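Reading through the structure tokens given below for one structure.
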Amino acid sequence: MISHFARVLRDAEVIDSKTTGLGAAQMDYDDATTLLLATLGALTPAGGPAAVAAARELQPLAWDDSSARISQSPLADVWGQPFAEMVKHCIMNADELQRWEQTYRTRLSEEGRRLIFPSGLLGAVVETRTFNISVYSNCVLARIWLGVPSPDPQLFAQQTFTPLGLPGTAVKSAAGLRSAGIDVLLALKLAVENPPPARTWKRKRP
């Protein structure tokens, strides 16, 4: 499925690389960002190019600024930037985000890692996610969530993105949530920095 997304994006000239075949796995961070935006924002590969264009229009909501909370995090320099720029930064700094996530988990007690649903069902718990990129499939809403090491186990920073950075009907019209975590970022970073070697084919003699 991922290769199908990449092929559609390449054919639409959304991905810069014009390489086809075995060399198509080689990409830079811009290509990796484009691929992630497409797979998060589109339900099918055919919708990838439109999803990328829409995702690149997403701007942060001013009232969601949590920069003071993440001043020491790998996202400090780009917090509050357009969504696509932050996604690219996340991929480039996946290793640092992984270390940040491990620090966050270490600081939390086993009890602090679980949130009780406000419904009053004491037995209902959900594991907190320390880092997450989420996009609704129609690309009217996206979020980047980052847990912050703190004595308060529920302290986190969240940046919400909408078209033009304006609230309104975006939340009501959002549908089809897809998410990516540290594992996806690490895989994309590895694909950029350590692409598979090009294979050479020898023609068999008749």
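This one's a predicted model, so the numbers in the text were calculated from it and none came from an experiment.
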**Report entry** Closest non-hydrogen atom pair, Pro82 against Gln59
**Finding:**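 Looking at all heavy atoms of both residues, the shortest contact is CG-OE1, 3.5 Å.
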
Query raised in the report: Can you name the residues that form a salt bridge (charged side-chain N to carboxylate O under 4.0 Å, His left out) with Glu96, not counting sequence neighbours?
Result: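 So Glu96 forms a salt bridge (charged side-chain N to carboxylate O under 4.0 Å, His left out) with Arg99.
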
Requested in this report: Find the distance between CG (Asn93) and CH2 (Trp100) and round it off to the nearest 0.5 Å.
Outcome: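 Asn93 atom CG to Trp100 atom CH2 measures 12.5 Å (nearest 0.5 Å).
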
Query - Reported CG-to-SG distance for the pair Leu97 and Cys90, which is rounded to 0.5 angstrom - result: 5.5 Å

Report task. Assess whether side chain to side chain contact (heavy atoms under 4.5 Å, CB included) is satisfied between Leu146 and Leu75, documenting all intermediate values. Result -> CA-CA 9 Å; Leu146 180 69; Leu75 299 182; 4.1 Å; yes

Which residues pass the side chain to side chain contact (heavy atoms under 4.5 Å, CB included) test with [X], sequence neighbours left out?
X: Val14; result: Leu9, Ala12, Thr34, Pro49, Val52
X: Leu186; result: Ala94, Asp95, Gln98, Ile182
X: Ala187; result: none
X: Ala54; result: Cys139

Is the closest side-chain heavy-atom distance between [X] and [Y] below 4.5 Å?
X: Asn194; Y: Lys189; result: no
X: Val184; Y: Leu36; result: yes
X: Arg143; Y: Phe83; result: no
X: His89; Y: Met92; result: no
X: Leu185; Y: Phe131; result: yes
X: Met86; Y: Trp79; result: yes
X: Asp31; Y: Arg10; result: no

Report summary line: Partner of Leu37 under side-chain contact (heavy atoms from CB on, under 4.5 Å), picked from Leu58, Val87, Val135, Ile133, is Val87

Requested in this report: Would you confirm whether Arg178, through its side chain, and Ala42, through its main-chain N or O, come within 3.5 Å as a donor-acceptor pair?
Outcome: yes

**Report entry** Expected output: side-chain Gln159 to main-chain Leu61 donor-acceptor under 3.5 Å
**Finding:** yes

Query raised in the report: Same cluster or not: are Val8 and Phe5 linked, directly or through other Ile, Leu, Val, Met, Phe, Trp or Tyr residues, by side-chain heavy atoms under 4.5 angstrom apart?
Result: no

Query raised in the report: Taking a hydrophobic cluster as the set of Ile, Leu, Val, Met, Phe, Trp and Tyr residues connected by side-chain heavy atoms closer than 4.5 Å, whether directly or through intermediates, do Leu177 and Leu141 fall within one such cluster?
Result: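 Same cluster.
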
Report task. Go through the steps to decide whether Phe161 and Gln81 satisfy the test side chain to side chain contact (heavy atoms under 4.5 Å, CB included), and finish with yes or no. Result -> CA-CA 10 Å; Phe161 306 83; Gln81 296 296 311; over 6 Å; no

Query raised in the report: Tell me the salt bridge (Lys or Arg N to Asp or Glu O under 4.0 Å) pairs involving residues 78-88, sequence neighbours left out?
Result: Asp30-Lys88

